[in-house]
*Asks:* 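Mind looking over this structure? Questions follow.
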Amino acid sequence: MSIIYLNGQFIPRATATLAIDDRGFIFGDGVYEVTRVVNGELFESSRHLKRLGRGLADMRLQPEESLADIEEISRRLIVENGLTEGEGTVYLQITRGAAPRTHHFPPAGTRCTVFMSAQKFVVPHDKRATGVSVVTYPDIRWSRCDIKTVNLIPAVLAKQHAVDNGVFESIFVRDGTITEGSHTNCFGVIDGELRTYPASNFILGGVTRDVTIELAHELGIPFEARPFHVQDLPRLEEFFVTGTTTDVMPVVQLDGRPVGNGRPGEITMRLYNAMAKRLYGGT
Ligand code: PDD
């Protein structure tokens, strides 16, 4: 039976309940994180915690649990849920707590709701071998996409658009520019140069994105944090998306047209192999 953490207690998932007035439910007033677990170890935990800390500060959320507590709870959930071997994810959500509905903040002393769970995760290696297809979708999100808020309606609509079209992911387009995927960041190769949308309020600064950029530097791959535009898409030599639940995933078709030679790109796979070393160790 899966054990979760809710507001100070470790309890079976099936017995966990939330107040109907929880502001996460009423307003989407909260933040979340998804962290990868490989053989019991949290992948890039400090980066996830740093991003969480920034999100909490920007949203003016003050949970009782410190970032150190959250890391400790994650470790306990990994053990309690038998994830010390193989792959998993830890999910965390912090909302502004339960209080009678007002748009402004609830009374001082209202306790933030803190929910965490750990579950098995099946890595999509089969998809990586062939590469995936994606479609573009208008970026209808707000202008603080850098905060990992649970208010995910545009991401839900975008990902459903991908599912409706039988493809892996939707790629957001804002003012003619590719920003990121519904739950991934995007990288492209044009004229041998790796590019991604610069860190800003218009994308979520992905942990996997940061690691990918680090790996590109280590491998000597020319890299520039600059966006590409819709009119650049036919010139893409390679394209891939990154994220905690996708690693580095080659994209071989975009809006029904092949990317490059229609197979996972060379730079993409060099980066994935370097990422796999980080994830799994070895040479
Ligand atoms: N999503 N961009 C968006 C909009 C995301 O939601 C995510 C992650 C990423 C990749 O970030 P990271 O590399 O830190 O996972 C980029 C998570 C996995 C989710 O919503 O399930």
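Remember, it's 1-based here, ligands and their atoms both numbered in the order they're listed.
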*Asks:* How long is the span from the OH atom in Tyr272 to the CZ atom in Phe240, to the nearest 0.5 Å?
*Replies:* 13.5 Å
*Asks:* Closest non-hydrogen protein atom to atom 13 (O) of ligand 1, residue and atom name please, with distance?
*Replies:* Thr208 OG1, 2.5 Å
*Asks:* Please list the nearest protein heavy atom to atom 20 (O) of ligand 1 with its residue and the distance rounded to 0.1 Å.
*Replies:* Tyr32 OH, 2.6 Å
*Asks:* Are the aromatic ring centres of Phe27 and His103 under 6.0 angstrom apart?
*Replies:* yes
*Asks:* With heavy-atom distances below 4.5 Å as the criterion, would you say the side chains of Val150 and Gln93 are in contact?
*Replies:* yes
*Asks:* Does this structure show an ion pair linking Glu72 with Arg76, if we count only N-O contacts that are shorter than 4.0 Å?
*Replies:* no
*Asks:* Which residue holds the protein heavy atom closest to atom 21 (O) of ligand 1, what is that atom called, and what is the gap in Å?
*Replies:* Val34 CG2, 3.7 Å
*Asks:* Heavy atom of Arg47 under 4.0 Å from ligand 1?
*Replies:* no
*Asks:* Which residue supplies the protein heavy atom nearest to atom 8 (C) of ligand 1, what is that atom called, and how far is it?
*Replies:* Lys148 NZ, 3.3 Å
*Asks:* Would you say the side chain of Val134 lies within less than 4.5 Å of the side chain of Phe239, judging by non-hydrogen atoms?
*Replies:* yes
*Asks:* Starting from atom 3 (C) of ligand 1, what is the nearest protein heavy atom, named by residue and atom, and what distance separates them?
*Replies:* Glu180 OE1, 3.5 Å
*Asks:* May I ask you to say whether Arg111 pairs ionically with Glu64, meaning some side-chain N is under 4.0 Å from a carboxylate O?
*Replies:* yes
*Asks:* Specify side chain, backbone, both or neither for Thr244, according to which of its non-hydrogen atoms lie closer than 4.0 Å to ligand 1.
*Replies:* both
*Asks:* Let me confirm one number: the CZ-CD1 distance from Arg101 to Ile20, rounded to the nearest 0.5 Å.
*Replies:* 13.5 Å
*Asks:* Closer than 4.0 Å to some heavy atom of Val207 - which atoms of ligand 1 meet that?
*Replies:* 12 (P), 13 (O), 14 (O)
*Asks:* Looking only at protein heavy atoms, identify the closest one to atom 7 (C) of ligand 1 and say how far it is in Å.
*Replies:* His183 O, 3.3 Å
*Asks:* Which protein non-hydrogen atom lies closest to atom 11 (O) of ligand 1, naming both residue and atom, and how far is it?
*Replies:* Gly206 CA, 3.4 Å
*Asks:* Would you mind checking which non-hydrogen protein atom is closest to atom 10 (C) of ligand 1, with the distance to 0.1 Å?
*Replies:* Asn185 OD1, 3.7 Å
*Asks:* With a 4.0 Å cut-off, would you call Asp126 and Arg128 a salt bridge?
*Replies:* no
*Asks:* Heavy-atom contact check, 4.0 Å cutoff: does Ser182 meet ligand 1?
*Replies:* yes
*Asks:* Answer with side chain, backbone, both or neither: which part of Ile203 has a heavy atom less than 4.0 angstrom from an atom of ligand 1?
*Replies:* neither
*Asks:* Has Arg96 got its NZ or CZ under 6.0 Å from the middle of the six-membered ring of Phe105, at an angle within 45 degrees of the ring axis?
*Replies:* yes
